[in-house]
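What follows is a set of notes on a single structure, which appears directly below.
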Amino acid sequence: MPREKFQTLTEQMFYILLCLRQECCGIDMLEQIPAMTGGRVHVGSGTLYNLLEQFVSAGFIRETKVEGRRRSYLLTERGEEVLRQEYERLRAQVRDYERGLDFTPDRAVNAGASAGNSASWKPCCEN
Amino acid sequence: MREHRREFRIFSRSSLFDSAAIREQAERMAAQGWLVEGISGFSWRYRRIEPRPLHFSVVYLAGYTAYDPDNDAEKQDFLEYCSQDGWRLAAWWKSMHLFYNESPAPVPIETDPLTQYRCVRNALLWGVILPEAYVLFASFSSRRFRRTLTLTPAQHLADPSFFWLVIWIFCSILLLADLFSAFAWIYRAGKAARQGIFLERKTSRLGKLAFCFCYAILFFLVAVYLTAALGLAGTAVLSGGLLLIILFLSFWQGRMRKAGVSCWQNLGRSFGLGLLLILLLFGMIIPAIL
């Protein structure tokens, strides 16, 4: 089944929404996002333009000011909710990763036996 | 030393989406000292520059046609964003926009594969799939087609319009091949985009040869039919006349785009002028020669 649009956010989408928690001009985000991420993430100008339009259509952001060609945007409540859900998803991934580092096969077998569950989860790789 | 040059290249609906070929051609010419400054359905126009390596990027803006003005407000906003990273618009034709950047390592215009895929998919849908599907649907649902289904092979061969049926079948095969190619890219590129990779649309050399061969056969069939119906002189006048009308309308549309005339006005005037010229050709010139 195809994934719903914006069900999970790409890195570019995430940082654009994060920037717009405060009112910001679209063009200024081209410098703000690399500054925020220490140069790790760059959003292309075309990608930024298209995503801003899509976010406005989806109701995640709203236009607050227009000065010539400079348009400013701000996150809406719906956008805050989407950003918060993505943040929770990323946190859950981090927790799974940290659990995976602590994981040993014996613990899984014991945990499975004590729960009366014959199936045991194994990591995909072991040191 | 001349400052401008023109190269004739035919842009079919599908080759407009062969972004790899467009980008490579522009980069190759820039390295030779020619920067593309205009693209139409028949030619690329270049101006002389210092030979140097330039980065080119092809971007598709869905909804733009050959009739939209150069100074469209939404497009100007988009160009403003691109110029912040040093990208300048070299040329555009319909939804295809070709940008260049002089920086040695510019930030690409598109950095999110999923967003880029959706833009190209929408442009492909409006520019290729819907028009061609409509033409196929209109022709298959026509009374003439329904009549052909009721004829026996012997009746087909005896029908004077059998030759047009052959041409129509050939055209339908070309359109179906085009549609299949478009849907195949949408499927493959959609899967790749969801995995974080943008699949550039590329026509293989074999594919290009096959299309050229098919169009050559189509041209031959039409030429044979017209020569049989109108004679050599009539065919030459008809072909030459239609070619001149197409070139003139292309020039006329370009002038109106530069003048900022709205899309609908440009379309209306081009259609009216085209109709007038065709009536002139078929109503006066060809009968006079025949």
Side-chain angles (χ1 to χ4, degrees), chain A residues 1-20 24-58 60-61 63 65-73 82 86 93, chain B residues 19 55-64 71-89 92 95-101 103 105-123 186-187 189-198:
Chain A
M1 197 171 177
R3 193 194 308 170
E4 192 188 295
K5 198 177 176 185
F6 303 135
Q7 191 176 344
T8 57
L9 301 181
T10 63
E11 198 172 45
Q12 321 272 313
M13 295 175 187
F14 178 80
Y15 281 106
I16 291 171
L17 290 178
L18 192 63
C19 256
L20 291 175
C24 181
C25 174
I27 285 176
D28 292 341
M29 275 190 271
L30 290 171
E31 287 175 6
Q32 236 178 328
I33 290 173
M36 187 191 283
T37 58
R40 188 177 60 82
V41 177
H42 287 268
V43 179
S45 42
T47 297
L48 176 63
Y49 182 86
N50 288 317
L51 284 177
L52 287 173
E53 281 207 330
Q54 289 176 29
F55 286 156
V56 167
S57 303
F60 295 169
I61 64 176
E63 213 172 78
K65 217 166 33 181
V66 179
E67 291 166 329
R69 293 217 186 284
R70 296 176 64 85
R71 294 167 193 267
S72 298
Y73 302 89
V82 165
E86 181 66 17
Q93 274 188 305
Chain B
S19 53
H55 289 277
F56 282 86
S57 181
V58 181
V59 174
Y60 293 93
L61 303 179
Y64 281 96
N71 59 359
D72 177 70
E74 265 188 47
K75 190 188 293 191
Q76 293 304 313
D77 286 347
F78 183 80
L79 297 184
E80 180 72 28
Y81 273 72
C82 293
S83 68
Q84 299 299 311
D85 282 334
W87 291 98
R88 308 264 175 261
L89 182 66
W92 67 281
S95 60
M96 190 279 295
H97 291 70
L98 183 62
F99 289 84
Y100 73 96
N101 197 314
S103 169
V107 175
I109 295 180
E110 310 262 24
T111 48
D112 184 7
L114 197 55
T115 309
Q116 187 178 6
Y117 157 74
R118 284 180 181 146
C119 286
V120 180
R121 183 198 59 191
N122 291 345
I186 286 175
Y187 174 73
K191 278 179 73 173
R194 280 180 269 279
Q195 290 166 9
I197 302 163
F198 177 71

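Here is how names work: the chains are called A, B, and so on, in the same order as the sequence lines, proteins then strands, and each is numbered from 1.
- Atom CD of B:E74 sits in a sparse spot, with 12 or fewer heavy atoms from other residues, nucleotides or ligands closer than 6.0 Å.
- Heavy atoms of B:C119 lying under 4.5 Å from chain A belong exclusively to its side chain.
- No part of B:Q116 comes within reach of chain A, as not one of its non-hydrogen atoms sits under 4.5 angstrom from that chain.
- Neither the backbone nor the side chain of A:E11 comes within less than 4.5 Å of any heavy atom in chain B.
- Looking only at distances, no side-chain donor or acceptor of B:N101 sits under 3.5 Å from a matching main-chain atom of B:H55.
- Listed options B:D85, B:D112, B:V59 were ranked by heavy-atom pairs under 4.5 angstrom with chain A; first place goes to B:D112.
- Highest contact tally toward chain A, considering only B:Y81, B:W87, B:F99, is held by B:Y81 [criterion: heavy-atom pairs under 4.5 Å].
- Between A:E53 atom CD and A:R71 atom CZ the span is 8.5 Å, to the nearest 0.5 Å.
- For A:I27, the parts sitting under 4.5 Å from any heavy atom of chain B are the backbone and the side chain alike.
- Taking a 6.0 Å sphere around CD of A:E31, one finds it holds 12 or fewer heavy atoms contributed by other residues, nucleotides or ligands.
- Contact residues of residues 40-52 of chain A toward chain B are A:H42, A:V43, A:G44, A:S45, A:G46, A:T47, A:L48, A:Y49, A:N50, A:L51, A:L52 (heavy-atom distance under 4.5 Å).
- The distance from atom SG of A:C19 to atom CD1 of A:I33, rounded to the nearest 0.5 Å, is 4.5 Å.
- How far NE2 of B:H97 is from CG of B:L79: 7.0 Å, rounded to the nearest 0.5 Å.
- Between B:W92 and B:K75 there is a side-chain heavy-atom pair separated by less than 4.5 Å.
- Of the atoms belonging to B:D77, heavy atoms from both backbone and side chain fall under 4.5 Å from chain A.
- With 3.5 Å as the limit, one finds no donor-acceptor pair spanning the side chains of A:Q12 and B:T115.
- To the nearest 0.5 Å, the span separating OH on B:Y117 from CG on B:N122 amounts to 9.0 Å.
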